Amino acid sequence: MAYLFDVAAETFFPLAPHHTFGRLASVDTQLDKPYISKLHAAIEWNGRCWRIKNLGLNGTWVNDVQLGQGEMADLNVNDHIHLAEQTEPGFTVIDLAPPSDMLWPLDMSPEQMPSRVQPIQLERYHLLPDTQTPELALYFDHRDQVWYAELMSSATHEQHREIIQHGDILQFDNLRWQFINAQVYGPTEARVRSSHKLSEFEFVFNLSLDEETTQLELHHPHHSIDLAVRSHHYLMLQLARHRADDAAQGLDAKSQGWVYADQLANELGLDSTHMNIHIFRARKQLADCLPDSSDHQCLLERRGGKIRLGCERFRIYKGDQLTTALPLTTDTSTR
């Protein structure tokens with residue numbers, strides 16, 4: 001998302017897709033000066049570039065070019081914008097990226113940004129501040145059309161996630177961040193993008209004989225995706241085993257595979273914090289490799305302190321031997 005530098009205030013601020021300037025309290029950037037019009041100027045993304053339009057009686061300058069009332073101009077990085085008075089400090093264009101949902105850094109000095117602390121442009125799924133030391137997960141739910149934040153510490157209990165709205169403050173890595181909603185998502189776009197479902201894939205786990213490494217492949221009728229060897233694959237494999245065991249005992253699909261989170265942590269030899277990190281890393285990897293899928297949250301389902309694998313079709317190979325599969329099979333041959 002684009003942002004400007006307010007020379008007088010020595011602060012940076014992001015641009016809304018249609019960003020207004022003036023004396024009115026309802027504008028995006030309010031300037032309480034008598035020579036500024038109530039609605040003086042607007043900067044807008046037109047799908048190709050950012051443009052500024054002068055709406056005020058006293059004019060708007062882009063560099064040394066004055067715009068008359070109703071006149072427009074394309075913006076470029078490092079342009080200087082002055083409203084009504086060229087002698088006023090004005091604004092400097094710092095970035096002109098297209099509109100996107102983002103996290104805007106707070107509590108930093110002008111010297112820290114943009115060189116040291118950068119805004120975070122949001123995609124579909126984020127582990128923050130990073131995948132190695134995550135404190136929270138932030139993700140967009142296409143079905144609900146909202147952003148959710150979920151703390152790492154909540155994954156072993158009933159799912160606890162909060163809807164994040166425009167202007168909300170998040171804190172991680174000892175910094176505060178403000179959520180900026182560019183409102184670029186909508187139901188129509190979500191339907192167009194959601195072309196893959198989790199149920200379309202068969203999960204194939206390849207486990208080493210000593211159970212030290214687990215490689216995962218997603219098999220689709222038209223292609224396969226190699227998710228390589230990851231430590232969080234073993235968590236999903238263990239949940240797959242529980243689901244297959246329940247299926248063998250005759251439990252229906254809705255009842256299969258539910259395991260208390262504490263029990264799963266004991267089976268994996270992990271404390272709850274590290275198990276939570278595995279859960280969120282698994283979800284993020286699926287969201288990254290299937291960017292047009294809308295149900296990555298269903299990969300690992302939770303209720304009442306329990307967790308299960310949401311996939312109903314999988315095979316587990318230990319070495320070359322098929323050991324477990326769903327739907328159930330009596331075939332234990334090598335591949």
Side-chain angles (χ1 to χ4, degrees), residues 124-125 127 137 139 141 143 148 150 152 154-161 196-208 211-220 224-270 272 274-290 293-318 322-329:
R124 295 185 63 229
Y125 201 106
L127 294 179
Y139 54 89
D141 191 308
R143 291 174 300 179
Y148 285 105
E150 193 169 348
M152 293 292 116
S154 67
T156 58
H157 307 290
E158 189 72 22
Q159 184 171 15
H160 179 72
R161 58 183 187 175
H196 276 121
K197 299 289 185 182
L198 192 64
S199 58
E200 298 175 9
F201 291 88
E202 180 185 39
F203 283 48
V204 178
F205 297 91
N206 297 301
L207 181 65
S208 64
E211 301 202 3
E212 289 295 321
T213 61
T214 309
Q215 183 248 357
L216 176 60
E217 298 173 4
L218 305 185
H219 288 192
H220 187 273
S224 295
I225 302 174
D226 185 356
L227 298 186
V229 174
R230 297 288 187 274
S231 56
H232 55 255
H233 294 337
Y234 189 73
L235 179 147
M236 291 190 289
L237 181 148
Q238 192 68 5
L239 288 172
R241 285 169 166 169
H242 281 286
R243 184 153 192 163
D245 289 343
D246 286 350
Q249 295 177 26
L251 273 66
D252 61 80
K254 292 183 178 180
S255 304
Q256 293 170 5
W258 291 105
V259 183
Y260 279 105
D262 291 340
Q263 175 188 339
L264 180 62
N266 289 333
E267 292 174 355
L268 298 173
L270 298 173
S272 60
H274 285 90
M275 190 179 77
N276 298 347
I277 291 174
H278 282 326
I279 290 169
F280 285 107
R281 283 176 177 169
R283 285 179 174 173
K284 175 171 171 53
Q285 188 183 26
L286 184 68
D288 290 344
C289 74
L290 296 176
S293 171
S294 62
D295 58 353
H296 59 270
Q297 285 300 112
C298 298
L299 174 65
L300 296 165
E301 302 173 322
R302 291 179 295 179
R303 71 178 187 192
K306 294 182 178 181
I307 186 170
R308 76 164 180 175
L309 181 70
C311 174
E312 297 183 20
R313 295 193 302 129
F314 54 81
R315 284 177 285 151
I316 299 175
Y317 288 92
K318 190 169 183 177
L322 177 64
T323 61
T324 308
L326 196 67
L328 296 174
T329 178

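Owing to the predicted nature of the structure, the values given are computational and were not obtained by experimental measurement.
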Non-hydrogen atoms of Gly304 and Tyr260 that approach each other most closely: O-CE2, 4.1 Å

So CZ of Arg308 and NZ of Lys306: to nearest 0.5 Å the spacing works out to 11.0 Å

Please walk me through it: do Tyr234 and Leu207 pass side-chain contact (heavy atoms from CB on, under 4.5 Å)? CA-CA 8 Å; Tyr234 189 73; Leu207 181 65; 3.9 Å; yes

Keeping Arg161 on the side-chain end and Tyr148 on the backbone end, is there a donor-acceptor pair under 3.5 Å? no

Report yes if the side chains of Ser231 and His278 come closer than 4.5 Å at any heavy-atom pair, otherwise no. yes

Do any N or O atoms from the side chain of Arg243 and from the backbone of Ala253 form a donor-acceptor pair under 3.5 angstrom? yes

For Gln256 and Leu251, indicate whether the former's side chain and the latter's backbone hold a donor-acceptor pair under 3.5 Å. yes

For Tyr139 and Tyr125, I'd like to know if the aromatic rings sit close, meaning centre-to-centre distance below 6.0 Å. yes

With rounding to the nearest 0.5 angstrom, report the OG1 to NZ distance, Thr324 to Lys318. 9.5 Å

Arg241 and Asp245 ion-paired at < 4.0 Å: no

Backbone N or O of Ala228 within a donor-acceptor pair of the His233 side chain at under 3.5 Å? yes

Any donor-acceptor pair under 3.5 Å from Glu267 side chain to Gln238 backbone: no

Rounded distance (nearest 0.5 Å) linking atom CG of Leu235 with atom CD1 of Ile279: 5.5 Å

Between Leu216 and Arg230, does the side-chain contact (heavy atoms from CB on, under 4.5 Å) criterion hold? Intermediate values first, please. CA-CA 8 Å; Leu216 176 60; Arg230 297 288 187 274; over 6 Å; no

Would you say the side chain of Leu286 lies within less than 4.5 Å of the side chain of Leu198, judging by non-hydrogen atoms? yes

So, taking the atom named CG in Asp246 and the one named CG in Asp252, what distance separates them when rounded to the nearest 0.5 Å? 10.0 Å

If only atom types and distance count, is the side chain of Arg313 paired as donor or acceptor with the main-chain N or O of Glu200 below 3.5 Å? yes

Nearest 0.5 Å please: distance from the CG atom of Asn206 over to the CG atom of Asp226. 8.5 Å

So which heavy atom on Ser224 is nearest to which on His219, and how close? OG-CD2, 3.5 Å

Of all heavy-atom pairs between Ala244 and Leu328, which one has the smallest distance, and what is that distance? O-CD2, 3.9 Å

If you apply the rule side-chain contact (heavy atoms from CB on, under 4.5 Å), what do you find for Gln285 with His232, and how did you get there? CA-CA 10 Å; Gln285 188 183 26; His232 55 255; 2.8 Å; yes

Value rounded to 0.5 Å, distance of CG in Leu326 from CZ in Arg315: 12.5 Å

Do Met236 and Leu299 come within less than 4.5 Å of each other through their side chains, counting heavy atoms only? yes

Closest approach of Cys289 and Leu227, non-hydrogen atoms and distance? SG-CD2, 3.6 Å

Using a 4.5 Å cut-off on heavy atoms from C-beta on, say whether the side chain of Phe203 contacts that of Leu218. yes

Within the side chain of Arg303, is there an N or O that forms a donor-acceptor pair under 3.5 Å with the backbone of Trp258? no

